[in-house]
Amino acid sequence: MGKRFPEYKNLDLAQVNKDILKVWDANDTFRRSVREMNGRGEYVFYEGPPSANGIPGIHHVLSRTIKDAVCRYKTQAGYEVKRKAGWDTHGLPVELGVEKALGITKEDIGTKISIDDYNKACRIDVMKYTDMWEELTRKMGYWINMEHPYVTYDNRYIETLWWLLKQLYAGGYLYQGYTIQPYSPAAGTGLSSHELNLPGCYRDVRDTTCIAQFRLIRDGHSEFLFRDTDTEDVYMMAWTTTPWTLPSNTALAVGPEIVYVKVRSFNPYTYDPVTVIVAKDLLGSIFPGDAVRELSAYNPGDRKIPYKVLDEFMGSRLAGINYEQLIDWVKPDPGAFRVITGDFVTTDDGTGIVHIAPTFGADDHRAGKENGIPPLLVRRKDGTTGPLVDKRGYMVPITDLDIDFVRERVNTRTYTGFEGRPVKNEYDPLLSPDADTLDVDIAVMLKQQGKVFRIEKQVHSYPHCWRTDKPVLYYPMDAWFIRTTAFREKMIELNNTINWKPVSTGTGRFGKWLENLVDWNLSRSRYWGTPLPIWVSGDRTEEKCIGSAAELKEEIEKSVKAGFMTANPLKDFIEGDNSSENYGKFDLHRPFVDEIILVSPTGSKMFREPDLIDVWFDSGAMPYAQAHYPFENKENFSDMFPADFIAEGVDQTRGWFFTLHAIASMISGSVAFRNIISNGLVLDKNGNKMSKRLGNAVDPFTAIEEYGSDPLRWYMLTNAQPWDNLKFDIEGVDEVRRKFFGTLYNTYSFFALYANIDKFRYTEKEIPVGERPEIDRWIISLLNSLVREVGKCFDDYDLTRAGRAIQDFVTENLSNWYVRLNRKRFWGGDYDKDKLAAYQTLYRCLETVSRLAAPIAPFYTDRLFTDLNGTTGHHQEDSVHLTSFPVPDHDLIDEELEEKMEIAQKISSMILGLRRKVNIKVRQPLARIMIPVSDEEFRKKFEAVRDLILAEVNVKNVEYIDDTSSVLIKKAKPDFRLLGPRYGRLMKQIGNIVSGLTQEEITSFENTGALVFEIDGQKVELTTDDVEIISEDIPGWQVANDGRLTVALDVTVTDELRYEGIAREFVNRIQNIRKESGFDVTDKITVLIEDMDVIGAAVRRHSSYIGSQTLATRVDVVRDFTNGDVRDVEINDIQVRISVSRNC
RNA sequence: AGUCCCGUAGCUCAGUUGGUUAGAGCGCUACACUGAUAAUGUAGAGGUCCGCGGUUCAACUCCGCGCGGGACUACCA
């Protein structure tokens, strides 16, 4: 136990950071905090795994500060908070990084470099920045267990993933289907969405577009459209920029809320009369020009075609209408050629009716599926089915098709001439760029058949493959899906039980996402990731999903017996041995799993589906996989699931937040997390996104090196709510350093300085709070209010408010008010009860603050705590992080006292303002202030803080002016909140009347207690409760107002007051000289002052006062100085000579 | 394009259930303090509460339509 409170020359938070880290290491503080604070059971936290193949940025400091602060708080609150670190190791960014480093492309994998070598490179590459991450974690004070992190490429982790997938598979929730994906026929590969977002991918191209006419079938559904028409047929018109998809059309979509019209006009190519249906809003663009001309005035070939609106109806009425196939090349399955409704339909362009080809558009695919519309598929010779366009981008040649299929479904007469042609000329290197496109030929064909209303070239933006520069095709690709839609209701229901911060992310972004949930496409055609554990027979009739290493081993055994495999790569694996050695005997990654051939129940070979699974499944499964569940931790799993708390950036809403939620919902029927904070982005100080390219990224290491982690953490949490974007400005960090930490440090230094002088060690008996001076009781009351407030904020996951409340307490109330007003109690004087009370009070404030702020600023608070506690030994714990979180003592909260002090602070501030206005410095005493008191209550409150105010503003006396005194000028203000509901629209006039009352009227109102008048014949009766009467002015005085408070200051400076002011000036100068001369605080001195008019008189009168304040044994006025140490000072514009010497 | 967040002083942010003088810090200007001192305090100036409509006696606050910034999801006739 130290004998003194440590004192420092200055505050170097960066150094504190380093020192405390060493202490934590030496004392094993983190681990002990997890073990020792387990009074209230477990509090479960999940760490979202970062990918260690990127370097950490300042934004990671934000989310990790949130996580750390909450976990530290919960630890102090008595929970056991285990935190397991994790690494996300699979995925595209890793692969792309490796491709770049090795200078290869995806096509080279398996040719120029073996999959084995490639994956080895990935495995090494993904961990290349782990050192940096660990260093940041350590330096920023993020307490998380990095010794045993979960790693997603670990075989044990993968085994749990396989187990999870098998659960889904067994429930029928894992199935193979197809999805529309961007595909480059020229490169022969699918493209990921991020590849489409590469700069330059979307390019303006000039394509043939057309508005096609779909002939409606007259039946019960459509009968209403055929009434009152003079044409035999009625058409719906749909616009497309890709006419080559029209042969694959199987539906038309309309907007249910969109208004459509039936129009009678003429086909501009055949000149035949037509009746068509289009969206009302688009009439003008489809039929430009003459709306009113008589139909009969039309001459074939006229440029302006007349039209006439015959009818109008909502899109929803069109649903279910059948139409005739537009191009009859191939017959789809039954159920096609129907009008459906879709929310995605707009009237921005086209006709307000969308042509749907489920094989070539994502929206189309989805809309088709939802409405039971079959896609247009063809059966090929090999028995497989596919769209009418093959993977090369060509219309499937008849020779490639199954013969039976051709006979039953294909109209060879019409298809001939189109089959075997590329849908984009770019795909055929032999075609000249100006050769007619398939689009044009289809449009021309439709024109001849009278089935097209307009053909035109149009420029639009279309994605291109970044490798081949050729247009991308949206193409159906085989993929494995999780039927998340089957769990939609459950997931929505569970989501409603989650405490989201902010709420809007949960209900809005996340909630809406759940409502519009689609099945989860798990498939990725890559190399470095978790392989899909599904083996399929050659004819695809038999499937097997593997759910564990042991099961795989067993299945391979069968395969070896069947002669399909020569050896079992898992032969040394021992089931039930969960050591890393045992799991290191094989590798579940590609290419090894691909080499495993299994045997089906009927004895045929089964090959693994080559897909990997979405890495988001890896991270979303971490609640299970980090525990290697159910192979380990099966019994105690309920202790680690679900999480009480997680936190990541909002960008994870559809990423980690969703996959966690989805997997937990599907596997356990539970939420994965109960509370969540989703934070916003960290932008640069100008609000721009940080990026290395722009050079505006802030390096967290530099920031910590310069300022220490505490100001950084504090700034990030208190500057803005974490879900708002943070405009990061390093100046703000510096401000926090000065403002909060500087003030806290100064307060401690002040305490330590005097406590050491007085040898205060807090060994004396605690003075009961009730016996301490009012101002002590005030700050203790405020401290307990703060404890209550901060605890509430932390419990509510509102770290911002917690930090702001602490900061406000320290800078405004503790330092700027309590310490400032009480300085004299600490220095001079005896070591008596009052002084002891001051020490005990200030000590308690500092110590409590250290514990309150510890979750946010773990370093400095630990220094502060150990400096205090190291001397007093009050707590057993050797670190603030091992102490419990303070609990408020409600008995010590005195709201009335807090209110009184607020009055004191406000009045003082007002008086200081008045002094400033008339230019009288605070050191000059003034005689009195005047306070109007409206009621006894207020007078009592004021009386309690009277002396504080007088001392603070250096005024000698108070005079109360009571209500009846006529010196006051009063003002009446209506209470709108009270009167509003009562008088409604008369309020404005009542307001005018009340605030226009004269002094006499107010007085009489106050006397009678009632005011009655009439507005517009309506009687208005007011009592004094309905208005607020404020004493606003006192003629002839300096007066200040703030809300209901009014104060007047007597600014007359009498000679007596002037003398006193001068004496104070001397005290001030002498103190300066003492300090400059390097005297010790306790040295006694002799003071000689030159005798000059007022000055001499002032000094003579107050020499004992000056002496007592400056420890001068003698204060004299002299004519001449004998000793040499004489200097000039200026007192109230007068030059005076003064000598200050130390007594020997 | 859809969904969500944000928009209040030059900058960063508060602003309770709508109630009549919209607040704080930084910065700026001035002054003060000088035994907490490479600190600090006080005051002043500074506002179209993004715009336009609406509801209401009353809108920074509630509703609608826009504008600007950002995120995510799409990219579609």
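Protein chains get the first letters and strands the later ones, always in sequence-line order, with residue 1 at the start of each. No experiment lies behind these values; they were computed from the predicted model shown.
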Taking the [atom1] atom in each of [N] and [M], what is the distance between them to the nearest angstrom?
| N | M | atom1 | result |
| --- | --- | --- | --- |
| B/G27 | B/C13 | C1' | 15 Å |
| B/C5 | B/A45 | P | 37 Å |
| B/C50 | B/A9 | C1' | 15 Å |
| B/U8 | B/C49 | C1' | 4 Å |
| B/A38 | B/G47 | P | 37 Å |
| B/G23 | B/U48 | P | 16 Å |
| B/A39 | B/C28 | P | 14 Å |
| B/G70 | B/A58 | P | 38 Å |

Which nucleotide, [options], lies nearest any side-chain atom of [X]?
| X | options | result |
| --- | --- | --- |
| A/Glu735 | B/A36, B/G19, B/C26 | B/C26 |
| A/Gln721 | B/G25, B/U73, B/A14 | B/A14 |
| A/Ala720 | B/G25, B/U17, B/C13 | B/C13 |
| A/Phe750 | B/G25, B/U73, B/A36 | B/A36 |

Under 4.0 Å between a side-chain N/O of [X] and OP1 or OP2 of [N], yes or no?
| X | N | value |
| --- | --- | --- |
| A/Lys727 | B/C11 | no |
| A/Asn816 | B/U42 | yes |
| A/Tyr474 | B/C76 | yes |
| A/Arg820 | B/G41 | no |

From A/Met236 CE over to A/Ile353 CD1, what is the distance, rounded to the nearest 0.5 angstrom?
->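 A/Met236 CE to A/Ile353 CD1: 3.5 Å, rounded to 0.5 Å.
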
Taking atom P of B/U16 as reference, at what distance in whole Å does atom CZ of A/Arg804 sit?
->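 To the nearest whole Å, that distance equals 13 Å.
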
Please state how far atom CG in A/Leu514 lies from atom C1' in B/U73, giving the value in whole angstrom units.
->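 Taking CG of A/Leu514 and C1' of B/U73, I get 14 Å after rounding.
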
Quick one: on RNA chain B, does A/Pro502 or A/Gly352 contact a more 5' nucleotide (nearest heavy atom)?
->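 Upstream on the strand: A/Pro502.
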
Evaluate the ring planes of A/Phe826 and A/Tyr754, with Trp represented by its six-membered ring, and classify them as parallel (under 30°), tilted (30 to 60°) or perpendicular (over 60°).
->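 Taking A/Tyr754 first and then A/Phe826, their aromatic rings sit tilted (interplane angle of 30° to 60°).
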
Aromatic rings A/Tyr8 and A/Tyr748: how do their planes relate, parallel, tilted or perpendicular, breaks at 30° and 60°?
->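 Correct class here is tilted.
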
For the base of B/A71, is there a side-chain donor-acceptor partner from A/Thr653 under 3.5 Å away?
->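 Answer is no: no donor-acceptor pair is held.
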
Establish whether the base of B/U40 is bridged to the side chain of A/Arg738 by a donor-acceptor pair shorter than 3.5 Å.
->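 Answer is no: no donor-acceptor pair is held.
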
Are the side chains of A/Ile211 and A/Thr351 in touch, meaning some heavy atoms are under 4.5 Å apart?
->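 A side-chain contact under 4.5 Å exists here.
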
Taking C-beta and beyond as the side chain, do A/Asp798 and A/Lys792 meet within less than 4.5 Å on heavy atoms?
->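 Result no, sub-4.5 Å side-chain heavy-atom pair not found.
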
NA contact type, [X], heavy-atom cut-off 4.0 Å: base, sugar-phosphate, or nothing?
| X | answer |
| --- | --- |
| A/Thr747 | base |
| A/Arg801 | sugar-phosphate |
| A/Glu731 | nothing |
| A/Thr351 | nothing |
| A/Asn719 | sugar-phosphate |

Is the count of non-hydrogen atoms from other residues, nucleotides or ligands lying under 6.0 Å from A/Glu731 atom CD greater than 12?
->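 For A/Glu731, atom CD is not crowded (no more than 12 foreign heavy atoms under 6.0 Å).
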
